There are 2 protein chains.
Amino acid sequence: MHTTLLSFCAGDHGPWRVVGQTTFIGAPLPAASFLTVDEAGKDPGSLWTLKGFASNLRYTTAEERTRLNARQAPLGRPGATHAALIPIRKSERWWALAQDERRAIYERSGHLAIGSRHLPAISRKLIHCRDIGEPFDFLTWFDFTPDNAPQFNDLVAALRETEEWSYVDREVDIRLQWTGDRGASH
Amino acid sequence: MHTTLLSFCAGDHGPWRVVGQTTFIGAPLPAASFLTVDEAGKDPGSLWTLKGFASNLRYTTAEERTRLNARQAPLGRPGATHAALIPIRKSERWWALAQDERRAIYERSGHLAIGSRHLPAISRKLIHCRDIGEPFDFLTWFDFTPDNAPQFNDLVAALRETEEWSYVDREVDIRLQWTGDRGASH
């Protein structure tokens, strides 16, 4: 039993302060002030909690993984006091596609290339939640130093222009700043 | 929120009678007498409950799906009074492989070809449960008429000889017979 559910809990306190919340498509989330990321369950006083799990690779090939691993940096580096939580849902049309059809769109969209351009500046983690009845399919989490915030904006702007993003039917972009000792967070 | 958890609940009553339970590899499950398959939660009086969800295709290509759909029959046909529940876990070595490596093993193993040989005689459903902290990764469910039981034995014997199955580290094979009106079951 390898699974650890990770929770993203919005409320009136927490180590991450919300500095921006933008709904790109679909229903918004209630405006949050603070966010806590942890492996515990829902805080009873929270505004909302999104949860999910890390999983095996769904599209990345062995060669792509080797190239990514050579360049990417872990989350939680000293100075990486800026973060983004971007919950995403894809349409039923996307999920009805077979594996090779989804991989082809991912490839044509240059998803990996766009992300790789911003390594090691932008660190990321992909959390899955479609299969557990959550309102989103993925919770994407990123952290970076303040001077790399413009790079992060370029990254998400480029992804939003892709064919793959035409299948996204709900996306909320939440920007965060760390309020305490960076060492203690994810 | 598309997810429906499906439960396989073993106990001292239920519409499916257990007629055989064999552990092929790894820890056994407590010996069951009856099984209930439904969308509800755990029966408080049950011996064990395994649960999981249907999900999007993980390996099948569009062309393969078209060929499968042209041949396969739905579960719960009149006369399909025999069934099998085969919970399977794959090793950490399998899950650490990238998508293309897992697909290559699936292909070399002739997984799809072996299953296709027995269509439409054997109907199947794949339930996922690795990502929700269950003791198995998959719950595979099959039904067939009594005269197709030998075909089903050929099917699982052939799969167990494959390279893919060298990554299976827990497998229990539970055979069942329907005790009531076949129309009411999955």
Side-chain angles (χ1 to χ4, degrees), chain A residues 1-7 26-27 39 41 50-69 87 89-107 111-112 126-139 167 169-170, chain B residues 1-7 26-27 39 41 50-69 87 89-107 111-112 126-139 167 169-170:
Chain A
M1 296 196 226
H2 77 299
T3 315
T4 303
L5 272 186
L6 205 59
S7 295
E39 296 176 359
L50 299 172
K51 54 185 194 297
F53 46 82
S55 188
N56 58 290
L57 296 175
R58 304 286 172 93
Y59 301 104
T60 315
T61 67
E63 192 205 318
E64 288 165 349
R65 174 165 60 178
T66 301
R67 276 189 280 130
L68 282 174
N69 284 348
R89 190 181 67 195
K90 283 176 167 168
S91 64
E92 289 305 316
R93 199 164 54 94
W94 171 264
W95 293 111
L97 295 172
Q99 177 70 21
D100 60 328
E101 295 171 314
R102 280 180 276 105
R103 166 73 201 190
I105 294 165
Y106 169 90
E107 239 174 83
H111 188 134
L112 203 75
L126 177 62
I127 301 294
H128 296 258
C129 46
R130 173 171 166 79
D131 288 321
I132 55 171
E134 285 280 298
F136 293 91
D137 294 341
F138 304 102
L139 308 173
Y167 294 89
D169 69 9
R170 190 175 183 195
Chain B
M1 295 198 226
H2 77 301
T3 314
T4 303
L5 272 185
L6 205 59
S7 295
E39 296 175 358
L50 299 172
K51 54 185 193 299
F53 46 82
S55 187
N56 58 291
L57 296 175
R58 305 286 172 93
Y59 300 104
T60 316
T61 66
E63 192 205 317
E64 287 165 349
R65 174 164 60 179
T66 301
R67 277 189 279 131
L68 282 173
N69 285 347
R89 191 181 66 195
K90 282 176 167 168
S91 64
E92 288 305 315
R93 200 164 53 94
W94 171 264
W95 292 111
L97 295 173
Q99 177 69 22
D100 60 330
E101 295 172 313
R102 280 180 276 106
R103 166 74 202 189
I105 294 165
Y106 169 90
E107 238 174 84
H111 190 134
L112 202 75
L126 177 61
I127 301 294
H128 296 258
C129 45
R130 172 171 168 78
D131 287 322
I132 55 170
E134 285 281 296
F136 293 91
D137 294 340
F138 305 102
L139 309 173
Y167 293 90
D169 68 9
R170 190 175 182 194

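The structure displayed is predicted, hence computed values, not measured ones. Here is the naming used below: chain letters follow the sequence lines, and residue numbers restart at 1 for every chain.
With sequence neighbours excluded, the residues satisfying side chain to side chain contact (heavy atoms under 4.5 Å, CB included) with Thr61(B) are Asp100(A), Glu63(B), Glu64(B), Arg103(B).
Proximity to chain B (any heavy atom under 4.5 Å) is shown, for Arg58(A), by both the backbone and the side chain.
The CG atom of Leu97(A) sits 10.0 Å away from atom CG of Asn56(B), with the distance rounded to the nearest 0.5 Å. Taking CD from Glu101(A) and OG1 from Thr60(B), the interatomic distance works out to 11.0 Å, rounded to the nearest 0.5 Å.
Not one N or O on the side chain of Arg130(A) forms a donor-acceptor pair closer than 3.5 Å with the backbone of Ser55(B).
Ala62(B) and Ala98(A) make their closest contact through N-CB, 3.2 Å (heavy atoms, listed as atom of the first residue, atom of the second, distance).
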